[in-house]
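Heads up: the structure comes next, in structure tokens.
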There are 2 protein chains.
Amino acid sequence: MVRKTKEEAEITRRHIIAAARRVFLAWGVGRTTLERIAAEAGVTRGAVYWHFRNKTELFFAMREQAILPFLDRVVFKEDDADPLQGIEMALQEIFHILRDQAEVRETFEIISFKCEYVNEFSGMMQCTGGQLDFLGKLTEAYRRAEARGALRAGSAPADLAHDTFLFVGGLIKHWLAGRPDERFRSDPAGLIRNHVALRRA
Amino acid sequence: MVRKTKEEAEITRRHIIAAARRVFLAWGVGRTTLERIAAEAGVTRGAVYWHFRNKTELFFAMREQAILPFLDRVVFKEDDADPLQGIEMALQEIFHILRDQAEVRETFEIISFKCEYVNEFSGMMQCTGGQLDFLGKLTEAYRRAEARGALRAGSAPADLAHDTFLFVGGLIKHWLAGRPDERFRSDPAGLIRNHVALRRA
DNA sequence: CGCTTTACATACATTCTTGAATGTATAAAA
DNA sequence: TTTTATACATTCAAGAATGTATGTAAAGCG
């Protein structure tokens with residue numbers, strides 16, 4: 001066996017994560033063996049065990065990679081002229097990421113449908129910190145909109161934020177699950193536009 | 001072994017399904033062995049194999065049981081005075097069922113979080129017939145509301161129905177996942193009320 | 001230049017699971 | 001009353017899958 005440099009080892013590590021994503025998606029996390037991941041990555045199980053303590057750690061490494069784009073790209077712009085526009089664009093951006101970045105989409109598909117939330121994983125089904133953060137930012141954005149008089153009367157920002165949060169959760173799930181011809185999959189932009197329009201003053 | 005009568009065999013069958021539900025919930029469907037289900041039900045694996053061809057068939061039998069209460073109890077009453085009231089009550093009823101019927105709630109938890117949608121199961125992640133039926137009834141109900149002038153202007157019934165459908169999907173998921181102190185878990189009624197109120201003329 | 005650590009591959013022991021085969025006592029049918 | 005089908009229990013063979021232990025050759029470092 002030819003010993004690799006640090007850079008080459010890092011590449012191997014990424015290959016293993018990418019292979020894991022493909023195999024998880026096709027077989028589900030539970031039915032995926034490290035042997036199969038290794039084969040898919042063109043290495044042996046020994047290599048996988050070298051880089052990751054076990055399947056769980058590999059799973060979390062994969063998950064981490066997919067969350068980063070959202071932290072970077074989903075932001076609530078403060079548009080004084082139309083505060084709700086910032087909310088709408090943030091929501092749209094979620095689906096742009098899912099559409100454009102296959103690895104992110106596949107990872108979300110795995111998290112949503114190819115994984116059992118039990119034992120070490122059971123905490124993951126609750127709202128994660130990132131999700132609560134998103135809910136908080138949504139609430140702030142609606143508050144700003146209210147201050148600008150952009151909201152229709154009778155709706156508290158916090159309630160609107162909760163409603164939007166649940167809407168987005170449902171949409172992500174159905175978007176991921178749906179076949180291309182289904183509405184949830186084909187027209188998230190329209191659904192988001194309608195959702196936000198309901199809130200306009 | 002004492003051979004059982006048909007009635008006793010039916011009871012055994014139900015016991016096995018109930019045991020499977022408990023074990024699925026704790027261990028996840030994939031990591032659950034028929035041996036463990038059998039032990040939980042107080043029978044041997046032979047009995048399980050007698051009643052069900054394999055774990056998949058047992059899973060679907062359990063699932064079937066949990067869907068029935070919704071077909072019975074979630075109905076859209078046609079209230080001419082306040083058509084949106086019928087929609088709101090139908091949504092509320094979903095969570096009454098989940099709150100009151102532990103077996104239904106647990107089964108939904110399994111379907112949502114303790115099961116990998118792969119191979120035979122992969123079709124299940126799409127909208128089932130029951131869900132599409134629900135969406136259809138929602139659309140009809142909103143159409144009736146529009147005809148009665150109960151809807152705020154500018155929103156098409158079909159769009160409202162989609163929005164509500166996604167909201168409910170998100171709410172069910174977060175309600176199931178949440179701990180009792182979380183808002184999604186503690187106050188679905190309020191969230192539903194706000195959601196419907198947004199649509200009022 | 002020699003030692004140590006790294007980055008894997010290989011081999012092994014152990015532990016589940018599963019499906020099927022077989023046994024068996026009795027309920028139900030004839 | 002005899003026969004047959006039922007409703008399980010028990011046993012077995014065989015194949016994964018896992019974690020670990022060990023081998024190894026080269027990279028990295030003083």
Side-chain angles (χ1 to χ4, degrees), chain A residues 1-62 110 114-116 118-121, chain B residues 1-62 110 114-116 118-121:
Chain A
M1 170 78 241
V2 187
R3 156 100 196 266
K4 308 291 183 62
T5 67
K6 282 184 182 178
E7 296 77 27
E8 288 171 319
E10 180 58 25
I11 291 174
T12 302
R13 190 187 134 94
R14 287 173 194 279
H15 280 340
I16 291 171
I17 292 178
R21 187 167 45 234
R22 290 193 295 274
V23 183
F24 283 160
L25 189 64
W27 294 75
V29 177
R31 303 186 57 176
T32 290
T33 72
L34 293 185
E35 173 65 39
R36 198 176 290 275
I37 292 175
E40 179 79 16
V43 296
T44 65
R45 244 174 63 244
V48 179
Y49 273 107
W50 171 254
H51 287 282
F52 308 94
R53 205 150 50 86
N54 49 34
K55 197 164 66 176
T56 302
E57 207 179 283
L58 172 52
F59 175 86
F60 281 111
M62 175 198 71
I110 292 165
K114 313 308 192 167
C115 163
E116 299 180 354
V118 70
N119 300 336
E120 331 94 88
F121 292 79
Chain B
M1 172 77 240
V2 188
R3 157 111 194 258
K4 307 291 182 60
T5 66
K6 282 184 181 176
E7 294 78 28
E8 288 171 319
E10 180 58 26
I11 291 174
T12 302
R13 189 187 135 94
R14 287 174 194 281
H15 280 339
I16 292 172
I17 292 178
R21 187 165 47 234
R22 291 192 296 274
V23 182
F24 284 160
L25 189 64
W27 294 76
V29 176
R31 303 185 57 176
T32 291
T33 72
L34 293 186
E35 175 62 40
R36 197 175 291 275
I37 292 175
E40 178 79 16
V43 297
T44 64
R45 245 175 63 243
V48 177
Y49 272 108
W50 171 255
H51 286 284
F52 308 95
R53 205 150 49 86
N54 50 33
K55 196 162 69 175
T56 302
E57 207 178 284
L58 172 51
F59 174 87
F60 280 111
M62 177 198 70
I110 292 165
K114 317 293 190 180
C115 163
E116 298 179 355
V118 68
N119 300 337
E120 330 95 88
F121 290 83

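No hydrogens, no waters, no symmetry mates; every other heavy atom, side chains included, goes into these values. Throughout, a chain's letter reflects where its sequence line sits, starting with A, and its residues are numbered from 1.
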Whole Å only: how far is the [atom1] atom of [X] from the [atom2] atom of [N]?
{"X": "Glu7(A)", "N": "dA27(D)", "atom1": "CD", "atom2": "P", "value": "12 Å"}
{"X": "Arg31(B)", "N": "dT15(C)", "atom1": "CZ", "atom2": "C1'", "value": "14 Å"}
{"X": "Arg53(B)", "N": "dT18(C)", "atom1": "CZ", "atom2": "P", "value": "15 Å"}
{"X": "Phe52(B)", "N": "dA7(D)", "atom1": "CZ", "atom2": "P", "value": "13 Å"}
{"X": "Glu8(A)", "N": "dA25(D)", "atom1": "CD", "atom2": "P", "value": "17 Å"}
{"X": "Trp50(A)", "N": "dT18(D)", "atom1": "CH2", "atom2": "P", "value": "20 Å"}
{"X": "Ile11(A)", "N": "dC8(C)", "atom1": "CD1", "atom2": "P", "value": "10 Å"}

Nearest-nucleotide 5' precedence on DNA chain C, Gly46(A) against Gly46(B):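 By nearest-heavy-atom nucleotide position, the 5'-most residue is Gly46(A).
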For the student: nearest non-hydrogen atoms of [X] and [Y], plus distance:
{"X": "Arg31(B)", "Y": "Glu116(A)", "answer": "N-OE1, 3.8 Å"}
{"X": "His51(A)", "Y": "Ala9(A)", "answer": "CE1-O, 3.4 Å"}
{"X": "Lys55(A)", "Y": "Thr32(A)", "answer": "NZ-O, 2.9 Å"}

Nucleotide nearest Val43(A) when distance is taken to its side chain, options dA9(C), dT6(D), dG19(D):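 Out of dA9(C), dT6(D), dG19(D), the nucleotide with an atom closest to Val43(A)'s side chain is dA9(C).
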Spacing of [atom1] belonging to [X] relative to [atom2] belonging to [Y], to within rounding of 0.5 Å:
{"X": "Arg36(B)", "Y": "Arg45(B)", "atom1": "CZ", "atom2": "CZ", "answer": "13.0 Å"}
{"X": "Glu7(A)", "Y": "Ile11(A)", "atom1": "CD", "atom2": "CD1", "answer": "8.0 Å"}
{"X": "Trp50(B)", "Y": "Thr44(B)", "atom1": "CH2", "atom2": "OG1", "answer": "13.0 Å"}
{"X": "Ile16(B)", "Y": "Met62(B)", "atom1": "CD1", "atom2": "CE", "answer": "14.0 Å"}

Positions of residues 54-62 of chain B (non-hydrogen atom under 4.0 Å from DNA chain D), listed by number: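 Heavy-atom cutoff 4.0 Å gives no residues at all.
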Test side chain to side chain donor-acceptor pair (under 3.5 Å) applied to Glu57(B) - qualifying residues, sequence neighbours left out: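 Arg53(B).
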Short side-chain N/O contact to dG19(C) OP1/OP2 from Tyr49(B), under 4.0 Å: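 It does, given that an N or O in the side chain of Tyr49(B) lies less than 4.0 Å from OP1 or OP2 of dG19(C).
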Side-chain N,O (His51(B)) to OP1/OP2 (dA7(D)) below 4.0 Å: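 Checking dA7(D) against His51(B), no side-chain N or O comes under 4.0 Å of OP1 or OP2.
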For nucleotides 12-14 of chain C, list the nitrogen or oxygen atoms of the protein found under 3.5 Å from its nitrogen or oxygen atoms, one pair per line.
none

Enumerate donor-acceptor pairs with a distance under 3.5 Å from any side-chain N or O in residues 17-30 of chain A to protein atoms, sequence neighbours excluded.
from, atom 1, to, atom 2, distance (Å)
Arg22(A), NE, Glu40(A), OE2, 2.7
Arg22(A), NH2, Glu40(A), OE2, 3.3

Sequence-distant partners of Phe52(B), ring-ring contact (aromatic ring centres under 6.0 Å, His included), two or more places apart: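 ring-ring contact (aromatic ring centres under 6.0 Å, His included) list for Phe52(B), sorted by chain: empty.
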Selection: residues 33-42 of chain A, any non-hydrogen atom under 4.0 Å of DNA chain C: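 Heavy-atom cutoff 4.0 Å gives no residues at all.
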Aromatic ring pairing Phe59(B)/Phe121(B), orientation class (parallel under 30°, perpendicular over 60°, tilted between):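 If you compare the ring of Phe59(B) with that of Phe121(B), the planes turn out perpendicular.
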